[in-house]
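A, B, ... follow the sequence lines: proteins, then strands. Residue 1 opens every chain.
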Number of protein chains: 2
Amino acid sequence: MKYQKIPEATIRRLSRYSRCLEEMEQGGEKVVSSAQLASKCMVNPAQVRKDLAYFGEFGIRGVGYYVKDLLASIKKVLGLNKEWRMAVIGIGNLGSALLSYKDFLKQNYKIVAAFDIDPQKVIGRVSEKLGKPVEILHISRIKEVAKERKIEIALITTPPSEAQSVANLLVEAGIRGILNFAPTQITVPEGFVVKDVFFTNILDNLAYLLSSS
Amino acid sequence: MKYQKIPEATIRRLSRYSRCLEEMEQGGEKVVSSAQLASKCMVNPAQVRKDLAYFGEFGIRGVGYYVKDLLASIKKVLGLNKEWRMAVIGIGNLGSALLSYKDFLKQNYKIVAAFDIDPQKVIGRVSEKLGKPVEILHISRIKEVAKERKIEIALITTPPSEAQSVANLLVEAGIRGILNFAPTQITVPEGFVVKDVFFTNILDNLAYLLSSS
DNA sequence: AAAATTTTGTGAAAGGAGTCACATAATTGA
DNA sequence: TCAATTATGTGACTCCTTTCACAAAATTTT
């Protein structure tokens with residue numbers, strides 16, 4: 001297959017496929033067809049095949065795909081064949097919830113640091129869960145700690161008013177990936193990546209669908 | 001303008017516009033051009049005009065859009081000119097964080113009930129915040145309480161293993177909108193709407209962008 | 001061993017979404 | 001009052017995404 005730019009939408013679906021395949025592997029299934037995977041992920045079978053074809057020929061005609069191999073290939077494509085080290089900035093309710101969010105661990109995302117403006121206030125709150133406790137550090141130490149602990153991704157869970165200045169600190173600290181939970185638009189220089197997780201925007205979407213049907 | 005189906009993407013952007021316009025209104029701005037709104041929301045100005053044109057002619061040529069009127073129009077289109085009553089199912093770390101999530105209130109989303117399998121274990125944990133405390137009820141009462149409190153949207157924050165059976169209960173209770181935080185695919189009958197919020201999927205996306213640049 | 005069956009990989013067609021460019025309308029200034 | 005300016009609304013174009021449909025390859029059946 002000729003080289004083509006991989007669509008954003010394909011990348012999003014790959015991570016859905018990955019999750020489905022994990023469940024299948026868990027369930028002991030060895031082989032899966034594009035039709036089966038498609039129905040489990042609620043997409044068109046041709047879509048599945050086309051998505052996979054961007055990266056190579058993983059299937060066997062007349063048979064399907066080997067679950068284990070396909071999963072490994074997808075993870076490699078997505079850059080999930082390594083552990084990603086993350087920090088949480090802003091240890092309020094949401095921040096502490098994320099500190100003990102079990103699904104991150106399962107998926108090779110590891111929180112290795114937590115920051116707040118007031119480390120005193122919140123200390124001890126997050127500690128007891130999940131084996132090794134995460135100590136809460138003052139935000140001023142981010143640059144130093146980012147280097148030391150090889151942090152590549154930060155989750156911003158501060159109030160919206162602080163989000164941009166936190167983002168600036170992250171940029172300065174060389175943390176290239178940001179998952180922004182603070183409901184406000186933040187901007188970063190070229191080379192840095194921000195993904196927003198705005199609960200209310202998703203709710204707006206839901207509200208629209210509900211009120212227009 | 002002729003009738004057209006409104007693209008999903010347009011709906012998503014409308015809620016971005018809505019948030020930007022709120023900030024502008026707060027800042028005392030009376031009039032805004034498509035170019036200004038576009039730059040604030042990081043989209044193309046023609047895109048803004050086209051998105052708005054789906055619903056009517058809100059602007060004045062040579063002038064722009066009245067912030068207040070436009071905001072009201074967008075909110076009406078999105079179905080946000082009412083209060084949406086919600087329940088949270090599964091009061092673990094994430095569930096409790098959402099119970100006291102301040103941005104919901106600002107945006108006319110109100111949590112009016114909280115459910116868990118074990119209401120004893122978690123009681124009191126969520127109470128003190130934000131004025132009126134939310135009492136945690138046993139999940140078995142969902143059908144009764146949904147009717148009584150006119151619940152239209154449920155947030156699923158249970159472990160993934162329980163998500164589908166919770167969804168079944170919600171369907172039975174006539175709750176048509178579901179925001180699913182449990183990292184597993186759930187299915188509901190025609191007429192019901194599920195929106196997924198999978199943190200790890202978004203992280204996967206981020207990881208891909210980071211590792212391929 | 002040949003025919004029937006299954007299921008992939010992909011070119012081509014269809015469908016959606018985003019951008020451009022300009023006619024149109026309102027305002028401002030001389 | 002008329003020209004210059006500003007900024008909308010939208011047809012046409014381009015680009016991206018999805019779906020269709022079928023040849024190619026592997027397996028199973030007879």
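Side chain B/K50 to base C/dT19: a donor-acceptor pair is found below 3.5 Å.
A side-chain N or O of A/Y17 and one of A/D51 form a donor-acceptor pair less than 3.5 Å apart. Side chains of A/Q164 and A/N168: a donor on one and an acceptor on the other come within 3.5 Å.
Per the geometry, CG belonging to B/N44 stands 14 Å off C1' belonging to D/dC13, to the nearest Å. Whole-Å rounding puts the B/D69 CG to D/dT8 C1' distance at 16 Å. Distance B/L70 CG to D/dA7 C1': 14 Å, rounded to the nearest Å. Distance CZ (B/F55) to P (D/dT8): 18 Å, rounded to an integer number of Å. One atom, CZ of B/R16, and another, P of C/dG18, lie 11 Å apart when rounded to the nearest Å. One can place CE of A/M42 at 13 Å from P of D/dT19, the figure rounded to the nearest angstrom. We find that CG of B/D51 is positioned 10 Å from C1' of C/dA17, with the value rounded to whole Å. Remark: C1' of D/dT10 and CD of B/Q47 are 14 Å apart, rounded to the nearest angstrom.
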In B/S/- notation (B base, S sugar-phosphate only, - none; protein heavy atoms under 4.0 Å), nucleotides 21-30 of chain D written 5' to 3' is B--BBSS---

Counting only pairs under 3.5 Å, give me each side-chain donor-acceptor contact of residues 181-199 of chain A, with atom names and distances, residues two or more places apart or in other chains.
{"from": "A/K195", "atom 1": "NZ", "to": "B/N205", "atom 2": "OD1", "distance (Å)": "3.3"}
{"from": "A/D196", "atom 1": "OD1", "to": "A/N180", "atom 2": "ND2", "distance (Å)": "3.2"}

Return a table of donor-acceptor pairs under 3.5 angstrom between the side chains of residues 30-43 of chain A and protein atoms on other chains or two or more places apart.
{"from": "A/S33", "atom 1": "OG", "to": "A/A35", "atom 2": "N", "distance (Å)": "3.4"}
{"from": "A/S33", "atom 1": "OG", "to": "A/Q36", "atom 2": "N", "distance (Å)": "3.1"}
{"from": "A/S33", "atom 1": "OG", "to": "A/Q36", "atom 2": "OE1", "distance (Å)": "3.4"}
{"from": "A/S34", "atom 1": "OG", "to": "A/R49", "atom 2": "NH1", "distance (Å)": "3.0"}
{"from": "A/Q36", "atom 1": "OE1", "to": "A/S33", "atom 2": "N", "distance (Å)": "2.8"}
{"from": "A/K40", "atom 1": "NZ", "to": "A/E23", "atom 2": "OE1", "distance (Å)": "3.4"}

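When distances are taken from the side chain of B/A9 to each of D/dC20, C/dG18, D/dT18, the shortest belongs to C/dG18.
By the side-chain contact (heavy atoms from CB on, under 4.5 Å) test, A/I117 pairs with A/H138, sequence neighbours left out. Under the side-chain hydrogen bond (donor to acceptor under 3.5 Å, both in side chains) criterion, A/R176 pairs with B/S213, sequence neighbours left out.
DNA chain C is contacted by no residue of residues 29-37 of chain B, taking any non-hydrogen atom closer than 4.0 Å.
Annotation: of the two residues near DNA chain D, B/G56 and A/T10, the 5′-most nearest-nucleotide partner is B/G56.
The number of heavy atoms from other shown groups lying within 6.0 Å of NZ (A/K82) is above 12.
The phosphate of C/dG9 has OP1 or OP2 within less than 4.0 Å of a side-chain N or O from A/Y65.
Under a 3.5 Å cut-off, the side chain of A/Y54 and the backbone N or O of A/P7 do not form any donor-acceptor pair.
Side-chain atoms of A/L169 and A/K143, non-hydrogen and from C-beta on, never get closer than 4.5 Å to each other.
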